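Here is the structure we will look at.
Everything quoted here is computed from the prediction, not taken from an experiment. Chain identifiers are assigned alphabetically (A, B, ...) following the order of the sequence lines, protein sequences preceding nucleic acid strands; residue numbering begins at 1 within each chain.
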Protein chains: 2
Amino acid sequence: MSLNKDINQRKFRSEHQKAMINLIYSYNWLMENTRKHLDQYDLTPQQFNILRILRGAGEPLSTLQIRQRMLDKMSDTSRIVDRLVKKELVQKVVCSADRRLVDVTISDKGRELLTILDTHESEWDALLKNLDQSEATQLNGLLDKLRNSQD
Amino acid sequence: MSLNKDINQRKFRSEHQKAMINLIYSYNWLMENTRKHLDQYDLTPQQFNILRILRGAGEPLSTLQIRQRMLDKMSDTSRIVDRLVKKELVQKVVCSADRRLVDVTISDKGRELLTILDTHESEWDALLKNLDQSEATQLNGLLDKLRNSQD
DNA sequence: TTTAATTTTATGTTGAACCATTTAATATAT
DNA sequence: ATATATTAAATGGTTCAACATAAAATTAAA
């Protein structure tokens with residue numbers, strides 16, 4: 001991977017600065033590989049994310065509830081949902097109890113697509129195969145600690 | 001940070017899967033904090049990135065050379081450069097030796113802006129203050145290993 | 001030398017983040 | 001009961017990633 005060659009060539013002010021760059025590289029690497037799995041199904045990572053959230057919930061969720069469960073806090077949920085509606089992977093119905101809300105449900109077509117994608121789950125997990133179990137745990141610990149700032 | 005609460009509440013298939021989610025969270029956290037520093041100067045992370053690359057180069061760079069030094073391989077360099085031109089932070093001149101190329105140079109105004117931003121460098125580094133030196137090194141090692149896949 | 005291939009930049013499109021504002025519905029206060 | 005505040009969703013604007021294609025200049029080939 002040329003990214004890696006790149007990052008090793010560069011000079012850094014500190015290990016902390018290198019860690020920032022490294023985090024960005026690693027995120028980009030992860031996204032690139034994620035897209036490889038999803039592209040053939042004409043699905044973006046965020047669309048996939050929302051589909052999984054809806055299936056996991058097992059009941060209709062409002063746009064706000066979806067957003068709160070998404071990885072990107074600030075995601076433009078209503079427009080992503082609209083794209084999923086256009087692809088007929090989800091349905092949108094105004095909530096009768098509170099008509100400000102929209103009940104979003106995964107459709108049969110959406111469920112079928114996820115079933116197909118479940119097949120990829122193991123290759124998907126294998127993305128991080130270079131780390132063994134304990135290294136993955138270690139990484140999780142460091143990232144948690146990293147983010148745990150007071151602000 | 002509510003992100004962290006979130007990630008600890010969730011159930012994960014494996015430490016590897018958690019590490020993926022954790023990487024995404026951490027990247028988003030980093031970007032959010034980066035933007036906080038740049039917003040007051042009406043600069044995006046990518047624009048800042050290009051300005052630093054140009055100053056660091058010490059000579060005019062072509063659009064392609066800039067892109068090759070950027071963190072995001074696929075970045076839309078020519079349009080970002082155009083926005084910097086509009087802000088008068090860089091200049092664009094067609095290269096006389098090879099008229100396909102465009103020589104991009106940081107302007108005095110751009111240089112002044114970076115000088116101001118240099119002031120923030122220490123707070124900037126302090127973003128990762130929760131990790132000590134050896135933890136940062138450890139994180140770098142794990143991220144390098146993570147990405148070092150064959151494909 | 002003229003044609004073909006390659007390189008570099010520009011442009012177009014879609015998806016999405018982020019920010020602000022608007023609209024509709026509900027809850028609260030007077 | 002009406003006016004105000006709050007909440008949820010939709011919408012508009014800008015920036016950028018990712019992908020494709022076009023246009024211009026250069027290089028290679030015939």
Side-chain angles (χ1 to χ4, degrees), chain A residues 3 24-25 27-51 60-87 89-90 92-104, chain B residues 24-25 27-51 60-68 70-87 89-90 92-104:
Chain A
L3 286 181
I24 296 172
Y25 264 131
Y27 171 85
N28 287 339
W29 174 88
L30 179 62
M31 280 302 129
E32 191 188 327
N33 282 283
T34 300
R35 255 183 222 103
K36 273 186 207 158
H37 285 287
L38 296 176
D39 266 1
Q40 55 189 129
Y41 302 105
D42 189 32
L43 214 56
T44 68
Q46 290 295 51
Q47 290 170 10
F48 178 52
N49 192 208
I50 289 184
L51 282 185
L61 293 180
S62 72
T63 305
L64 189 63
Q65 286 174 311
I66 294 172
R67 180 161 50 237
Q68 284 164 347
R69 297 177 192 207
M70 288 179 74
L71 299 178
D72 298 278
K73 276 184 319 173
M74 278 322 200
S75 111
D76 208 346
T77 316
S78 78
R79 269 181 282 222
I80 303 178
V81 166
D82 283 345
R83 286 182 203 111
L84 289 171
V85 169
K86 201 180 291 177
K87 291 178 182 175
L89 298 173
V90 306
K92 258 170 68 173
V93 181
V94 173
C95 175
S96 54
D98 183 340
R99 290 172 49 207
R100 285 173 300 185
L101 308 185
V102 175
D103 282 337
V104 184
Chain B
I24 296 171
Y25 265 131
Y27 172 85
N28 287 337
W29 174 88
L30 179 62
M31 280 302 129
E32 190 189 329
N33 282 283
T34 300
R35 253 181 225 105
K36 271 185 208 159
H37 285 288
L38 297 176
D39 266 3
Q40 56 189 128
Y41 301 106
D42 190 31
L43 214 57
T44 67
Q46 289 297 53
Q47 290 169 9
F48 177 50
N49 192 208
I50 290 184
L51 281 185
L61 294 179
S62 72
T63 305
L64 188 63
Q65 287 174 312
I66 295 172
R67 179 160 51 238
Q68 284 163 347
M70 288 179 74
L71 300 177
D72 297 278
K73 277 185 317 174
M74 278 321 199
S75 110
D76 208 350
T77 315
S78 79
R79 269 180 285 221
I80 303 177
V81 166
D82 283 346
R83 287 183 202 108
L84 289 171
V85 169
K86 201 180 292 177
K87 291 178 182 174
L89 299 172
V90 306
K92 259 170 67 172
V93 181
V94 173
C95 173
S96 54
D98 184 339
R99 290 173 49 207
R100 285 173 302 185
L101 307 185
V102 174
D103 282 337
V104 184

Which part of the nucleic acid does A:R79 contact within heavy-atom distance under 4.0 Å: base, sugar-phosphate only, or nothing?
-> base

With side-chain contact (heavy atoms from CB on, under 4.5 Å) as the test, would you mind laying out the steps for A:E32 and A:N28 before giving the verdict?
-> CA-CA 6 Å; A:E32 191 188 327; A:N28 287 339; 5.8 Å; no

Rounded off to whole Å, could you give me the CG-to-P distance for the A:N28 and C:dA17 pair?
-> 14 Å

NA contact type, A:D76, heavy-atom cut-off 4.0 Å: base, sugar-phosphate, or nothing?
-> base

Closest nucleotide of DNA chain C for A:S96 versus for A:K86: which of these residues is on the 5' side?
-> A:K86

Is the distance from OP1 or OP2 of D:dA18 to the nearest side-chain N or O of A:R35 less than 4.0 Å?
-> yes

Got B:V81 and B:V102 here, is their nearest side-chain heavy-atom distance under 4.5 Å?
-> no

Look at the side chain of B:N49 and the backbone N and O of B:P45, then say whether any donor-acceptor pair between them is shorter than 3.5 Å.
-> no

Positive for side chain to side chain donor-acceptor pair (under 3.5 Å) with B:K92, one of B:T63, B:D103, B:D82 = B:D82

Whole-Å distance separating the CD atom of B:E32 from the P atom of C:dA17 | 14 Å

5′-ward residue of the pair B:R67/A:D98 relative to DNA chain C | B:R67

Is the phosphate of C:dT8, meaning OP1 or OP2, less than 4.0 Å from a side-chain N or O of B:S78?
-> no

A:K92 vs D:dA8: side-chain N/O to OP1/OP2 distance below 4.0 Å | no

Check the distance between C:dT8's P and B:I66's CD1 and give it to me in whole angstrom.
-> 14 Å

Round to the nearest Å and state the distance from A:M74 atom CE to D:dT15 atom P.
-> 19 Å

Short side-chain N/O contact to C:dC18 OP1/OP2 from A:S75, under 4.0 Å = no

On DNA chain D, more 5' by nearest nucleotide between B:R83 and A:D39 is B:R83

Rounded to whole angstrom units, what separation is found between the CD atom of A:Q47 and the P atom of C:dG15?
-> 7 Å

Do B:R100 side-chain and C:dT9 base share a donor-acceptor contact under 3.5 Å?
-> no

Can you find a heavy atom in the side chain of B:L89 that is under 4.5 Å from one in the side chain of B:L43?
-> yes

Whole-Å distance, B:R99 CZ to C:dT7 P, equals 20 Å

Rounded to the nearest Å, what distance is computed from the CZ atom of residue A:F48 to the P atom of nucleotide C:dG15?
-> 18 Å

Take the protein atom CG of A:D82 and the nucleotide atom C1' of D:dA8, then report the distance between them rounded to whole Å.
-> 14 Å

Using a heavy-atom cut-off of under 4.0 Å over every strand shown, decide if A:T77 touches base, sugar-phosphate, or nothing.
-> nothing

Would you tell me if any nitrogen or oxygen in the side chain of A:T63 comes within less than 4.0 Å of OP1 or OP2 on D:dA8?
-> no

